[in-house]
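Written below as structure tokens is the structure these notes are about.
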Amino acid sequence: MNQITLTFPDKSTRSYSAGVTPLEVAQSIGPRLASDTVVARINGTLTDLAIPINQDTEITFYTGDTPEGHEILLHSAAHLLAQAVKQLFPKAKVAIGPAIENRFYYDFDIDGTFSEKDLRRIEEKMRELAKADHEVSRIELSREAAIAEFRAQDETYKVEIIEELPEDEKITAYRQAEFIDLCRGPHVSSTGKIKYFKLLESSGAYWRGDERNKMLQRIYGTAFSSKKQLKDYLHFLEEAKKRDHRKLGKELSIFTFDDEVGPGLPLWLPNGAIIIEELEQLAKEKERAAGYVRVRTPHLTKGVLYEKSGHLEHYQDDMYPAMDVDGTKYYVKPMNCPHHHKIFAAEQRSYRDMPIRLAEYGTCYRYEKSGQLFGLMRVRSMQMNDAHIYCTMEQFADEFLAVCQLHLEYFEIFGIEKYEMRLSLHNKEGLGEKYVNEPELWVKTEAIVRQALDDGGINYVEIPGEAAFYGPKIDVQVWSAIGKEFTLGTNQVDFAIPQRFGLTYTNQDGVAETPLCIHRAPLSTHERFIGFLIEHYGGDFPLWLAPIQVAVLPVSEKVNTYARQVKNQLLSANIRVQLNDRPDKIGAKIRNAETSRINVMLIVGAREAENETVSVRRRFQGDLGQQSLADLINQLKNEIKQRSLTSGI
RNA sequence: GCCACCGUAGCUCAGCUGGUAGAGCAACUGAUUUGUAAUCAGUAAGUCGGGGGUUCGAGUCCCUUCGGUGGCUCCA
């Protein structure tokens, strides 16, 4: 028999008989590797462990705790789910079942829905099938055979998928015991490799995500290669639940919703209003320093403006219906840009004035579909950290980069450590349809944007086909302290709308030119940003953002007078302070302040009153001992001024 | 918008197969005057999301409507 040479990632080589399988190779190296490996990479392609190798090649093994291996594990778990469902619900038809980040799902067409009880039964069945350790084998099928096979099983969705595969596509299926599923693979070699998994929830999902299609029942689950990882992930989900901004927002009296006000229309309570004011203060400082000027625009506008801007054509479904005012249609504004364009147009502009940066925390209203509303993260009234920068082509790169850098400054202030800038580009197919038909301008602008990012040393990923219709954009993804993902700021280039508005400036040669426009909102909207901050900080805001910064806690009513003096001094230092002069025991007052997430607690009793001091207790730090009130005030003022993320600097 | 689930006191929740509501915390009152995460006692509090129906009788069953949640899709 022929010998072949396999090269391992460490460049070492071994010789095997031709036809050896990756699983056998793994076994030859060690039983542990063989049992942990879920997939192999051979000549750059991920491959099943049972496929014979017939020539010299490089080979890499992936265990379930590598990204590659984990994805396979999740995908195979989806198959296991489908097998279990088919056994328990023979009439169910399977649709698709991919791996997604940390989870998998499978869509089924069944009569009715899956109940909690069904999920438990299905999970039980999955365990049984995993324990049986059925071999998972790959089957190659001709197009006709595949269609015949799945038609015989009445798997109409699979037949539909096969019929839409390109003619030359190799069709494969995977079999585990009696269950055969159309799939490209690869998969784990046997069901026993799927050890640690859990079904999470079920919900409706349209076939192919199209609401005109039938609603299928989707089951979500997760799987990991070790018990610990599964436990950690479930713990993360629980932790995320605890930090849910809807829960904390209520507990900390930040915002509320009211049936009689309307869905998606938040009411900001005093604590929330304080956070808003601090954020606006920050934005105003940063924007003033960066040369922005502030403007203000009305909430209500005639329809003609949105005809001109294209909103009625492209965006009407997301706008509140018009109201009739003396026979004229008026709309509440869904975006601020048309108004800012009008402000640009209100005066003669010279190249000497450029760039013009118009900023406004503008309030917008969008008629989001009811099913999309979600706490503060998706609302119908919102206030945006909006600005539009009008500039010349020459100024554009600098302006765009400055906005990106502003994002980075904000990340530092808020302690956002993980983020991703997504440069969203056009694609040729979309020109004239999804995107304004200016092929050269697209290519040119995208090149400038890319260059600006490269020059500025900004890390980004490119995503083709995700641009706005008027130009390329950067969407900013951030991850909260516990790793939950959010879409926040945006930075968009617009080379189309200024033209529609006839915006011009006079260049050095006395000729009217159309400016470029950058739409940007680094701090997103108050709603989404504060929603994010609540979850990011888990309710424990840094001092500068905390609605109540200091609680003064007298040990007994005997020292209430001194406590009031302390409170007043803090107030005059512009520190937000609350005095708890109820007749409670000090332990109860402390507990109260702790559960309200108050950062600084000042315990005052006879000793403190005598020495003009306070006993400082800080959240997460405990008792810090006595300190003079004057020193403490200076320290807190400094911490607030620095917008420090850590206490006690 | 669509599918599913949920909606009981300010909050968190209990209330079995229908027999006109209950706990803890919070609030309020009184007593206690307290030294780093809960002092004790008492009081008040709900047209069980709204409307309609079935029934002798509905928090419980049915319909409808409003709101929320998980998804589909979209996005700040």
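Just so we're on the same page: letters track the sequence lines, and every chain starts at 1. Scope of the values below: all heavy atoms of this structure, side chains included, with no hydrogens, waters or symmetry mates.
- Two residues, A/Met384 and A/Asp244, neighbour RNA chain B, and the one matched to the more 5' nucleotide by heavy-atom proximity is A/Asp244.
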- Determine, stepwise, if the pair A/Glu608 / A/Tyr562 fulfils side chain to side chain contact (heavy atoms under 4.5 Å, CB included). CA-CA 9 Å; A/Glu608 288 78 8; A/Tyr562 177 63; 4.2 Å; yes
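- A/Phe374 pairs by the ring-ring contact (aromatic ring centres under 6.0 Å, His included) definition with A/His245, not counting sequence neighbours.
- A sub-4.0 Å separation between OP1 or OP2 of B/rU73 and a side-chain N or O of A/Arg208 is absent.
- In this structure, the side chain of A/Asp631 does not engage the main chain of A/Ile633 through any donor-acceptor pair within 3.5 Å.
- Checked against salt bridge (Lys or Arg N to Asp or Glu O under 4.0 Å), A/Lys589 has no partners two or more places apart in sequence or in another chain.
- Residues satisfying the side-chain contact (heavy atoms from CB on, under 4.5 Å) criterion with A/Asn385, sequence neighbours excluded, are A/Ala283, A/Glu287, A/Tyr361, A/Arg520, A/Pro522, A/Leu523.
- Using N1 to N3 plus N6-O4 or O6-N4 for Watson-Crick, or N1-O2 and O6-N3 for G-U wobble, each under 3.5 Å, B/rA4 pairs with B/rU69.
- For A/Tyr157, the ring-ring contact (aromatic ring centres under 6.0 Å, His included) partners are A/Trp207, not counting sequence neighbours.
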Do any N or O atoms of the protein come closer than 3.5 Å to N or O atoms of nucleotides 1-3 of chain B, and which pairs are they?
from  : atom 1 : to       : atom 2 : distance (Å)
B/rG1 : OP2    : A/Ser370 : N      : 3.1
B/rG1 : OP2    : A/Ser370 : OG     : 2.4
B/rG1 : N7     : A/Gly371 : N      : 3.1
B/rG1 : N2     : A/Tyr206 : OH     : 3.2
B/rG1 : N2     : A/Glu211 : OE1    : 3.2
B/rC2 : O4'    : A/Tyr206 : OH     : 3.3
B/rC2 : O2'    : A/Tyr206 : OH     : 3.0
B/rC2 : N1     : A/Tyr206 : OH     : 3.3
B/rC2 : O2     : A/Tyr206 : OH     : 2.7

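- Applying the salt bridge (charged side-chain N to carboxylate O under 4.0 Å, His left out) test to pairs two or more places apart or on separate chains, those with a residue in residues 248-270 of chain A are A/Lys247-A/Glu251.
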- Task: Any chance you could list the contact pattern along nucleotides 27-32 of chain B? Use B for base contacts, S for sugar-phosphate-only contacts and - for none, protein heavy atoms under 4.0 Å, 5' to 3'.
- Result: SS---B
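- You'll find that the side chain of A/Arg218 is closest to B/rG71, out of B/rA38, B/rG71, B/rU36.
- Shortest non-hydrogen contact noted between A/Tyr320 and A/Tyr331 is O-CD2, 3.6 Å.
- Among B/rC75, B/rU12, B/rA37, the nucleotide with an atom closest to any side-chain atom of A/Ile590 is B/rA37.
- Under the rule for a side-chain hydrogen bond (donor to acceptor under 3.5 Å, both in side chains), the partners of A/Tyr315 that lie at least two apart in sequence or sit in another chain are A/Arg366.
- Listed in residue order, the members of residues 253-274 of chain A having a heavy atom less than 4.0 Å from RNA chain B are A/Asp259, A/Pro263, A/Gly264.
- Note on A/Arg246: a side-chain N or O is less than 4.0 Å away from OP1 or OP2 of B/rU69.
- The side chain of A/Tyr220 sits closest to B/rC72 out of B/rG35, B/rA37, B/rC72.
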Just distance, no hydrogens or angles: give the donor-acceptor pairs under 3.5 Å from side chains in residues 268-281 of chain A, sequence neighbours left out.
from     : atom 1 : to       : atom 2 : distance (Å)
A/Asn271 : ND2    : A/Leu252 : O      : 3.0
A/Glu278 : OE2    : A/Arg576 : NH1    : 2.7
A/Glu280 : OE2    : A/His526 : NE2    : 2.8

- Item | ring-ring contact (aromatic ring centres under 6.0 Å, His included) between A/Tyr106 and A/Phe104, intermediate numbers included | CA-CA 7 Å; A/Tyr106 215 116; A/Phe104 62 86; 9.0 Å; no
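- Remark: A/Arg528 in residues 526-540 of chain A come within less than 4.0 Å of RNA chain B through at least one heavy atom.
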Donor-acceptor contacts, no H, no angles, side chain residues 486-497 of chain A, under 3.5 Å, sequence neighbours left out:
from     : atom 1 : to       : atom 2 : distance (Å)
A/Thr487 : OG1    : A/Gln477 : NE2    : 2.8
A/Thr490 : OG1    : A/Asp475 : OD1    : 3.4
A/Thr490 : OG1    : A/Gln492 : NE2    : 3.0
A/Gln492 : OE1    : A/Tyr470 : OH     : 2.4
A/Asp494 : OD1    : A/Ala496 : N      : 2.8
A/Asp494 : OD1    : A/Ile497 : N      : 2.9
A/Asp494 : OD2    : A/His519 : NE2    : 2.9

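- Closest to the side chain of A/Leu373, from the set B/rU34, B/rG68, B/rC75, is B/rG68.
- When the nucleotides B/rG71, B/rC74, B/rA38 are ranked by their closest atom to the side chain of A/Arg378, B/rC74 comes out on top.
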